[in-house]
2 protein chains.
Amino acid sequence: MLHDPAQLDLMFQALADPARRHMVERLSRGPASVSQLAEPLAMSLSAVVQHLNVLEASGLVRTEKLGRVRTCRIEPKALRTAEHWINERRLTWELRPDRLGDFLAKTKDETD
Amino acid sequence: MLHDPAQLDLMFQALADPARRHMVERLSRGPASVSQLAEPLAMSLSAVVQHLNVLEASGLVRTEKLGRVRTCRIEPKALRTAEHWINERRLTWELRPDRLGDFLAKTKDETD
DNA sequence: ACAATAGTTAAGCAAATACTTCAGTGTTTG
DNA sequence: CAAACACTGAAGTATTTGCTTAACTATTGT
């Protein structure tokens with residue numbers, strides 16, 4: 001389960017845009033067509049398709065075309081990969097011997 | 001604990017570059033100076049400073065100057081914010097009533 | 001068959017990125 | 001005090017991004 005730098009580039013880049021995060025957010029509540037994804041966004045359908053291609057290239061979203069409708073869904077495994085990369089760095093820091101005290105204090109009374 | 005879109009933009013954008021992830025990775029193992037961060041990277045010190053400014057603007061890294069040395073350290077709270085945004089979307093998807101079966105099956109035998 | 005629907009593709013453009021080099025600014029050290 | 005050190009900032013440049021419009025390709029409904 002090694003982290004491929006190129007895929008991380010694509011995933012974080014994909015998540016760095018508010019329109020694309022909006023699309024991911026929508027898809028987290030269930031599959032949707034391109035037009036459904038486009039509907040709440042203030043931009044052309046063409047722009048939405050381009051964003052969708054970025055998401056698909058990153059692996060965060062998978063799409064499938066049936067007839068004239070392209071149905072999009074989230075790929076939880078990819079989300080998990082991005083999540084995991086961040087989590088590893090955070091824990092490496094928080095579990096350092098000299099920081100462990102701070103960490104335990106924080107997790108105890110959940111002031112964080 | 002609402003997610004500020006602009007900050008998420010900056011954080012994911014910051015993480016979308018391999019050099020900046022390398023710097024975060026280094027910093028997760030402990031604080032470092034600018035030159036120490038630059039040492040393993042094949043680019044000018046000036047470029048590294050620019051990357052560092054991106055990281056600092058995103059809130060992922062905090063720096064402090066003492067004498068002529070700028071010491072950089074990771075900001076775990078910011079990492080957690082990014083991590084949390086992804087985690088929320090993934091769980092929203094995985095805990096959908098109609099998907100719950102799949103999710104439970106997967107977490108049970110850890111095939112994932 | 002015809003029109004409406006759903007999406008795709010290409011071209012073009014302004015703005016943002018990821019560097020470079022070069023010329024500084026303070027800060028230690030000998 | 002002078003040289004080395006650790007950055008810092010500005011300017012320039014090539015590439016990438018995030019759109020737009022417009023023309024096009026399939027499907028589906030009447």
Side-chain angles (χ1 to χ4, degrees), chain A residues 4-27 30-74 82, chain B residues 4-27 30-74 82:
Chain A
D4 173 18
Q7 207 210 336
L8 287 171
D9 281 14
L10 294 173
M11 287 192 303
F12 286 128
Q13 180 73 322
L15 293 174
D17 183 279
R20 285 190 298 255
R21 278 200 310 279
H22 197 128
M23 292 164 77
V24 168
E25 204 150 359
R26 166 64 187 79
L27 291 176
S33 70
V34 176
S35 335
Q36 285 175 328
L37 287 178
E39 193 261 323
L41 299 172
M43 63 180 71
S44 72
L45 182 62
S46 197
V48 172
V49 170
Q50 287 169 63
H51 280 305
L52 185 54
N53 291 340
V54 171
L55 284 168
E56 196 166 15
S58 78
L60 288 167
V61 165
R62 193 166 38 87
T63 76
E64 185 183 8
K65 194 154 186 175
L66 264 140
R68 60 184 169 180
V69 176
R70 175 145 74 137
T71 303
C72 314
R73 62 191 72 238
I74 245 176
Chain B
D4 173 18
Q7 206 209 337
L8 287 171
D9 280 14
L10 294 173
M11 287 192 304
F12 286 128
Q13 179 74 320
L15 292 175
D17 183 279
R20 285 190 299 256
R21 278 199 311 279
H22 197 123
M23 292 164 76
V24 168
E25 205 151 358
R26 167 63 186 81
L27 290 175
S33 70
V34 177
S35 333
Q36 284 175 328
L37 287 178
E39 193 263 323
L41 300 172
M43 64 180 70
S44 71
L45 182 63
S46 199
V48 172
V49 170
Q50 287 170 62
H51 279 305
L52 185 55
N53 291 340
V54 171
L55 284 168
E56 196 167 15
S58 78
L60 288 168
V61 165
R62 192 166 39 85
T63 75
E64 187 184 7
K65 194 152 186 176
L66 266 140
R68 61 185 167 180
V69 177
R70 175 144 76 136
T71 303
C72 314
R73 63 191 70 237
I74 245 177

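Remember, it's a predicted structure, so these values are computed and weren't measured experimentally. Reminder, nothing fancy here: chain letters follow the sequence lines and each chain counts from 1.
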May I have the distance from [X] (atom [atom1]) to [N] (atom [atom2]), rounded to whole angstrom?
X       : N      : atom1 : atom2 : answer
A/Met23 : D/dG18 : CE    : P     : 12 Å
A/Asn53 : D/dC19 : CG    : P     : 14 Å
A/Leu41 : D/dG18 : CG    : C1'   : 13 Å
B/Leu52 : D/dG9  : CG    : P     : 12 Å

Nearest-0.5 Å distance that lies between atom [atom1] in [X] and atom [atom2] in [Y]:
X       : Y       : atom1 : atom2 : answer
B/Gln13 : B/Leu10 : CD    : CG    : 8.0 Å
B/Ser58 : B/Leu8  : OG    : CG    : 10.5 Å
B/Thr71 : B/Arg62 : OG1   : CZ    : 11.0 Å
B/Gln50 : B/Met43 : CD    : CE    : 10.0 Å

B/Arg70 with B/Glu56: basic N within carboxylate O range, under 4.0 Å =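 Counted as a salt bridge, because a side-chain N and a carboxylate O are separated by less than 4.0 Å.
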task = Taking A/Arg21 for its side chain and A/Ala14 for its backbone only, find out whether a donor-acceptor pair lies under 3.5 Å.
result =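 No; judged by distance alone, with no hydrogens or angles, the pair does not exist.
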key: Any donor-acceptor N/O pair, A/Glu39 side chain to A/Gln36 backbone, under 3.5 Å   =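 Not a single qualifying donor-acceptor pair exists.
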message = For a quick test of reading the model: is some side-chain N or O of B/Ser33 closer than 4.0 Å to OP1 or OP2 of D/dA6?
response =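 No, no such contact exists.
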request  = Under 4.0 Å from any atom of DNA chain D, heavy atoms only: list the residues of residues 6-14 of chain B that qualify, in numerical order.
outcome  =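 The stretch gives none, as no residue of it lies under 4.0 Å from the strand.
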message = If we check side chain to side chain contact (heavy atoms under 4.5 Å, CB included) with A/Met23, which of these qualifies: A/Val34, A/Leu55, A/Asp17?
response =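 One option only clears the test, and that one is A/Leu55.
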request  = Would you mind building the protein contact string for nucleotides 19-30 of chain C? One character per nucleotide, 5' to 3', B for base within reach (heavy atoms under 4.0 Å), S for sugar-phosphate only, - for untouched.
outcome  = BBB----BBS--
